[in-house]
Amino acid sequence: MTTPIAHKKPKARILLVDDHPVLRCGIAELVNSEDGLEVCGEAANMQEALTLVGKLKPDLAIIDVSLDGNNGIELMKTLSSRYASMPLLAYSMHDESIYAERALRAGAKGYVMKQADPEVLLSAIQQILKGKMYLSDRISEHLLGKLVGAGTSNAAIKSPIDKLSDRELEVLQMMGKGIGTAQIAERLCLSVKTIETYREHLKEKLNLSSGQELLRYAIELSLEQS
């Protein structure tokens, strides 16, 4: 009697979106070493990512929050609207207390900081592929606290950063990295006048009286996240 041939379950196909080639290489090696997972493609920016998603139809996309030229948050919003069934995992060096909620609102099913152990990233991938969400205990408590308005979470609710739109925060980030107004406008494909308007909005929302105070605030925020 012939023994039936056991068919191996197809590997889950993962798309990596990050503008650092060395980091992508490391993540790809990690993912490919895990049973049942394989990297099907890599993208360095928003346009490459959109093209590859349409072509490869991955089972999950790991997206860096900060991409060169385009915000990863904007990419998540676009992918969520076009490919609602494809799960997204935000992967970033930025503090989850600032960006995790924004990533979730943009459509991500989880948020992992790049400083986390490799096993954390693999665990997040597996959980999201099973239809679950992944957040660290720290950010889960933070978001729950904001929801119920309890304990020290009140401070988080009143944080000036929470008042900023995703684009305003992106402009603030770039300022903190020493990027000038004209260069920010070029990277974001916006006019200089529009960036100047964002700067005025930032001063108002952060209760700052001058451009120098805004620049100082941006630099301090950048240093905190580095």
Side-chain angles (χ1 to χ4, degrees), residues 46 63-81 88 90-115 133 135-226:
M46 184 171 185
I63 302 174
D64 186 10
V65 168
S66 298
L67 295 174
D68 186 21
N70 285 99
N71 193 316
I73 297 292
E74 294 301 317
L75 173 58
M76 292 178 208
K77 291 177 182 177
T78 301
L79 289 175
S80 294
S81 65
L88 310 174
Y91 190 55
S92 176
M93 65 176 288
H94 296 303
D95 193 328
E96 59 188 353
S97 65
I98 296 176
Y99 288 91
E101 187 175 358
R102 293 173 185 271
L104 295 178
R105 287 201 303 261
K109 299 300 182 183
Y111 191 103
V112 174
M113 293 183 63
K114 292 181 178 180
Q115 297 91 324
M133 296 190 69
L135 293 172
S136 70
D137 291 340
R138 172 177 175 244
I139 197 60
S140 294
E141 291 177 4
H142 174 81
L143 294 177
L144 181 59
K146 289 187 69 173
L147 180 63
V148 300
T152 57
S153 64
N154 289 333
I157 295 174
K158 298 175 183 177
S159 170
I161 294 295
D162 287 347
K163 301 176 185 178
L164 306 183
S165 69
D166 294 333
R167 183 65 87 187
E168 288 167 347
L169 182 56
E170 184 176 20
V171 170
L172 186 66
Q173 278 185 309
M174 290 186 175
M175 289 179 61
K177 295 177 182 178
I179 304 173
T181 300
Q183 289 72 32
I184 294 175
E186 182 178 356
R187 291 194 182 193
L188 299 180
C189 299
L190 299 171
S191 69
V192 170
K193 185 176 181 180
T194 298
I195 301 303
E196 290 174 345
T197 299
Y198 278 125
R199 289 171 61 102
E200 290 302 313
H201 290 167
L202 285 167
K203 286 193 293 183
E204 181 180 348
K205 290 184 177 182
L206 297 173
N207 196 27
L208 302 172
S209 59
S210 68
Q212 281 300 111
E213 287 188 10
L214 176 61
L215 181 58
R216 189 180 307 115
Y217 187 101
I219 293 173
E220 290 175 354
L221 181 65
S222 180
L223 290 173
E224 288 175 5
Q225 297 175 356
S226 62

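Since the model is a prediction, treat every value here as computed from it, not as a measurement.
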Is any side-chain heavy atom of [X] closer than 4.5 Å to a side-chain heavy atom of [Y]?
X      : Y      : answer
Leu172 : Leu206 : yes
Leu79  : Ile63  : yes
Ile161 : Leu221 : yes
Arg199 : Met175 : yes

Of all residues at least two apart in sequence or in a different chain, which pass the side-chain hydrogen bond (donor to acceptor under 3.5 Å, both in side chains) check with [X]?
X      : answer
Lys203 : Glu200
Glu186 : none
Thr181 : none
Ser81  : none

Got a sec, which residues hit side-chain contact (heavy atoms from CB on, under 4.5 Å) with [X], two or more places apart in sequence or on another chain?
X      : value
Ala90  : Val65, Met76, Ala103, Ala108, Tyr111
Leu190 : Arg167, Leu188, Thr194, Ile195, Tyr198
Lys114 : Asp18, Leu23, Asp64, Tyr91, Met93

What's the separation between atom [atom1] in [X] and atom [atom2] in [Y], rounded to the nearest 0.5 Å?
X      : Y      : atom1 : atom2 : answer
Asp162 : Ile98  : CG    : CD1   : 8.5 Å
Met113 : Ile139 : CE    : CD1   : 9.5 Å
Gln173 : Leu169 : CD    : CG    : 5.0 Å
Met133 : Ser140 : CE    : OG    : 9.0 Å
Ser66  : Glu170 : OG    : CD    : 7.5 Å
His94  : Gln115 : NE2   : CD    : 10.0 Å

Could I get the full list of salt bridge (Lys or Arg N to Asp or Glu O under 4.0 Å) partners for [X], not counting sequence neighbours?
X      : result
Glu168 : Lys205
Arg138 : Asp95, Glu96
Lys77  : Glu74, Asp166

Which pair of non-hydrogen atoms, one from Gly107 and one from Ser80, has the smallest distance, and what is that distance? CA-OG, 3.3 Å
Ile184 versus Val171, closest heavy-atom pair with distance: CD1-O, 4.1 Å
Would you mind checking if Arg216 and Glu220 are paired as a salt bridge, meaning a charged N to carboxylate O distance below 4.0 Å? no
